[in-house]
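Since the structure comes first, as structure tokens, the remarks are kept for the end.
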There are 2 protein chains.
Amino acid sequence: MHPTSIATADGITKVLAVIGGKWRINIIWCIGRKGSIRYNELKRQVTGISNTVLTRSLEDLASHQLIERIDYHESPPRVEYRLSVDGLSLFPLIEQLDCWGTATCAKNDANEQY
Amino acid sequence: MHPTSIATADGITKVLAVIGGKWRINIIWCIGRKGSIRYNELKRQVTGISNTVLTRSLEDLASHQLIERIDYHESPPRVEYRLSVDGLSLFPLIEQLDCWGTATCAKNDANEQY
DNA sequence: CAGTATCCGTTACGATACTG
DNA sequence: CAGTATCGTAACGGATACTG
């Protein structure tokens, strides 16, 4: 096994390593929905996230090859984030999860009306 | 809004509340694959998980209506876990995530062979 | 067998202030 | 604008021993 691979566990393990955090899925979701997005707009969309956490999450997602960071080297700085090929292939699954969550929420809310 | 609902954020938030933990997805996956499963077998399948964490996860998943706990009230105790209706509807999405993870792993491993 | 109880360590998360 | 640096906290995860 080569050094950079994560001991090739099963697919779930790989997925968890990527989207396991508290904000990761949300971030991918936001980037995917916008196509490309800048740091501060992303921060506004992902309500409640702090600078530190957002930065770390973006670094982590980039290192896992799920997003791409495009630095235009301008002043004032302009940096855009977008989904990589892998990220794009993951995105529809996240959309499905969102649908499931919404549907389940709605159903449970309805049932709780006693 | 009624007290028991989780402030109806978006679907992603609901999903994260459910599968956000380190083992949750794995547990659902194992239960779903077996149909129904007992505590100790589950513990064997989910390699590395401790009693405390497994128990907490199961309680949590049950409280989120994703799994059902069936206690046969025998001695020695026999308890089975299986997916609820909600859990069953989530299961295929987890399978897809697993596929994605496996495919992505394989692809990246191949690329890294330099 | 199916858990509890206890206690501890790590890590992720977070607020705030500051920088190129 | 797009972050870094620093410090603090809380939640999660985990090992071990014990119980009905």
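First the proteins, then the strands, lettered A, B, ... as listed; each starts at 1.
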B/D71 side chain vs B/V79 backbone, donor-acceptor pair below 3.5 Å: no
What integer distance in Å separates B/K43:NZ from D/dA15:P? 10 Å
What does B/R38 touch in the nucleic acid at a heavy-atom separation under 4.0 angstrom: a base, only the sugar-phosphate, or nothing? sugar-phosphate
What does A/Y72 touch in the nucleic acid at a heavy-atom separation under 4.0 angstrom: a base, only the sugar-phosphate, or nothing? nothing
To the nearest angstrom, how far is B/D60 atom CG from D/dC12 atom P? 8 Å
Salt-bridge contact B/K34-B/E41 (side-chain N to carboxylate O under 4.0 Å): yes
Taking the side chain as every heavy atom from C-beta outward, state whether B/I28 and B/L61 have any pair of such atoms under 4.5 Å apart. yes
Between A/D86 and B/K107, does any NZ, NE, NH1 or NH2 come within less than 4.0 Å of an OD or OE carboxylate oxygen? yes
Identify whether any heavy atom of B/V79 sits under 4.0 Å from a base atom; if not, whether one sits that close to sugar-phosphate; answer base, sugar-phosphate or nothing. sugar-phosphate
Is there a path of hydrophobic side-chain contacts, each under 4.5 Å between heavy atoms of I, L, V, M, F, W or Y residues, that connects B/L42 with B/L88? yes
In whole Å, I'd like the distance from the CD1 atom of B/I49 to the C1' atom of D/dT16. 16 Å
Counting the atoms with a prime plus P, OP1 and OP2 as sugar-phosphate, which does A/E59 contact under 4.0 Å by heavy atoms, base, sugar-phosphate, or nothing? sugar-phosphate
Dot-bracket assigned to DNA chain D with the 3.5 Å Watson-Crick/G-U criterion, [ ] for crossing and | for other-strand pairs, is ||||||||||||||||||||
The single option from B/V53, B/I37, B/L54 passing side-chain contact (heavy atoms from CB on, under 4.5 Å) against B/K43: B/L54
Does B/W23 make a side-chain N or O approach to OP1 or OP2 of D/dC12 shorter than 4.0 Å? no
Please identify the 5'-most and 3'-most nucleotides of DNA chain C with any atom under 4.0 angstrom from a heavy atom of chain A. C/dC13 to C/dG20
Report the residue (A/S57 or A/P76) whose heavy-atom-nearest nucleotide on DNA chain C is the more 5′ of the two. A/S57
The answer to which of B/R56 and B/N40 contacts DNA chain C further toward the 5' end, by nearest nucleotide, is B/N40
Shared ILVMFWY cluster between A/V85 and A/I67, side chains joined below 4.5 angstrom? no
Under 3.5 Å, is there a donor-acceptor pair between the side chain of B/S36 and the main chain of B/Y81? no
Quick one: is A/K22 getting a side-chain N or O under 4.0 Å of the D/dA11 phosphate, OP1 or OP2? no
Qualifying salt bridge (charged side-chain N to carboxylate O under 4.0 Å, His left out) pairs, either residue in residues 20-31 of chain A, two or more places apart: A/R24-A/D60
Could you pick out which residue, A/L58 or A/T52, lies toward the 5' side of DNA chain D when each is mapped onto its nearest nucleotide? A/L58
